[in-house]
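Each chain gets a letter, A, B and so on, in the order its sequence line appears, and its residues count up from 1.
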Amino acid sequence: MTQPAFGRRVTRWYAGAARDLPWRAADVSPWGVLVSEAMLQQTPVARVRPAWLAWMSRWPSPAALAAAPAGEAVRAWGRLGYPRRALRLHAAATAIVERHGGAVPSSVEDLQALPGVGNYTAAAVAAFAFGASTAVLDTNVRRVYARVFDGVANATGTPTASERTAALERLPAVDAPTYSVAVMELGAVVCVARSPKCTSCPVRSDCRWLASGRPAPEVARRGQSYVGTDRQARGRLLGVLRESVEPVAAAALDVVWHDPAQRARALDGLVADGLVEPLADGRYRLPA
DNA sequence: TATGCGTGGCC
DNA sequence: TGGCCAAGCAT
């Protein structure tokens, strides 16, 4: 299958299958796109949807968020996970006000210079908010390409330079953003990691992976389990602070994590990350 | 480049 | 049941 044929089929499929997501509405601002991309980093769409709506209602512009305490961003982030993203989004809003007059920048270079904005997010905002022809290479796109063109179950590791080059070369000459969101959507709802729905795939007749019998992925090293880790301890501690409007005493943190050494290490880490602020009286709070 | 970083749903 | 997975980033 030629690349243009792949693009046409996926784009046509998207026209009839796209999910109705609030950040895809025609009148959404670049800020709204940026907020959605930050929230969607490793968090499923279903959980982002209500959080994005509440966030945009409260802070409809970078300036609005920048005027709020960073801790309020962390609190509003709720249980989306990876709360450092909330802190970085707040820092990004501040940088947008200071460096760009309050308007989300449109160039990939300026976007990627913002806290919490990496290669993917910069490309996505440039494409979806500003119509740029950037290669949007997220986990969905990588998986679709790996299967259709390489015949393997998954892309592995971090994106390589050759992968980025190939992704750029695959962009159509016209309306690259729609192509990109269409490939992402295919990966998100059809060409999913487990139990892909190949019978409803628009490119099933030309997928190398399907043609070779959907070979299983290579066994990857499994990461650390979650229970008992510093990560879980951090989550517990921050959860206490998130739920309390007032600063909390150390004793209130002691009760949510039994191991004192690990608790102290986790708390130190949160303070070092700027997610928690120790007060002179020994209490703790979200950052002002 | 490998690792640490939250949270919850799924099979 | 518990490992896998979800529109990554920073170091």
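Between C:dA7, B:dC5, B:dT7, one nucleotide has an atom nearer to the side chain of A:L21 than all others, and that is C:dA7. Here the side chain of A:R47 is nearest to one of C:dG8, B:dC5, B:dG8, namely B:dG8. Side-chain atoms of A:R143 lie closest to C:dA7 of the nucleotides B:dG4, C:dA7, C:dG3. The side chain of A:S225 lies closest to C:dG3 when the candidates are C:dG3, B:dG6, C:dA7. Listed nucleotides: C:dG8, B:dT7, C:dA6. Nearest to the side chain of A:A193: C:dA6.
Looking at heavy-atom distances under 4.0 Å, A:W77 makes no contact with the nucleic acid at all. A:D273 comes within 4.0 angstrom of no nucleic acid atom, judged by non-hydrogen atoms across all strands. Counting any heavy atom pair closer than 4.0 Å across all strands shown, A:L238 reaches no nucleic acid atom. A:T121 comes within 4.0 angstrom of sugar-phosphate atoms only, judged by non-hydrogen atoms across all strands, and of no base. Among the heavy atoms of the strands lying under 4.0 Å from A:R24 is at least one base atom, whether or not backbone atoms are also near. Across all strands shown, A:T43 has heavy atoms under 4.0 Å from base atoms, whether or not it also approaches the sugar-phosphate. Nucleic acid contact for A:V136: none, since no nucleic acid atom lies under 4.0 Å from a heavy atom of the residue.
At least one side-chain nitrogen or oxygen of A:R79 sits closer than 4.0 Å to the OP1 or OP2 atom of B:dG8. Taking 4.0 angstrom as the limit, A:Q42 places a side-chain polar atom (N or O) nearer than this to OP1 or OP2 of C:dG8. Distances shown here put every side-chain N or O of A:R85 at or beyond 4.0 Å from the OP1 or OP2 atom of B:dG6. The phosphate of C:dG3 (OP1 or OP2) has no side-chain N or O of A:Y226 nearer than 4.0 angstrom.
For the C1' atoms, the distance linking C:dT1 with B:dG8 amounts to 15 Å, nearest Å. Going from the C1' atom of B:dT1 to that of C:dA6 covers 23 Å, rounded to whole Å. Comparing B:dT3 with C:dC4, their P atoms are spaced 15 Å from each other, to the whole Å. For the P atoms, the distance linking C:dA7 with B:dG4 amounts to 23 Å, nearest Å.
Under 3.5 Å, the side chain of A:R194 and the base of C:dC5 form no donor-acceptor pair of N or O atoms. In this model, no side-chain donor or acceptor of A:T229 finds a partner on the base of B:dG4 within 3.5 Å. With hydrogens and angles left out, the side chain of A:R231 and the base of B:dG6 share a donor-acceptor pair within 3.5 Å.
With respect to A:R99 and A:D110, no salt bridge is recorded, no charged nitrogen being found less than 4.0 Å from a carboxylate O. Ionic pairing of A:E246 and A:R283 is not present here: no N-O contact between side-chain nitrogen and carboxylate oxygen is shorter than 4.0 angstrom. Of the charged side-chain nitrogens involved, at least one lies within less than 4.0 Å of a carboxylate oxygen, so that A:R265 and A:D230 count as a salt-bridged pair.
Ring centroid separation for the pair A:Y179 and A:Y14 does not come in under the 6.0 Å cut-off. You'll find the ring centres of A:W77 and A:W55 inside the 6.0 Å limit.
Taking every heavy atom of residues 26-39 of chain A and every atom of DNA chain C, pairs under 4.0 Å involve A:E37, by number.
To the nearest 0.5 Å, atoms OH (A:Y82) and CD (A:Q41) are separated by 11.0 Å.
Heavy-atom nearest nucleotides on DNA chain B were determined for A:T160 and for A:G81, and the one closer to the 5' end corresponds to A:T160. Residues A:V117 and A:F128 both approach DNA chain C. Their nearest nucleotides, taken by heavy-atom distance, put A:F128 toward the 5′ side.
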**Asked** Step by step, would you call A:S36 with A:R24 a side-chain hydrogen bond (donor to acceptor under 3.5 Å, both in side chains)?
**Response** CA-CA 10 Å; A:S36 77; A:R24 286 180 180 165; over 6 Å; no

**Request:** Mind running side-chain hydrogen bond (donor to acceptor under 3.5 Å, both in side chains) on A:Y145 and A:E163 for me, showing each step along the way?
**Result:** CA-CA 9 Å; A:Y145 286 168; A:E163 210 180 332; over 6 Å; no

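The side-chain tip of A:R231 does not point at the ring of A:Y226 from less than 6.0 angstrom away and within 45° of straight on.
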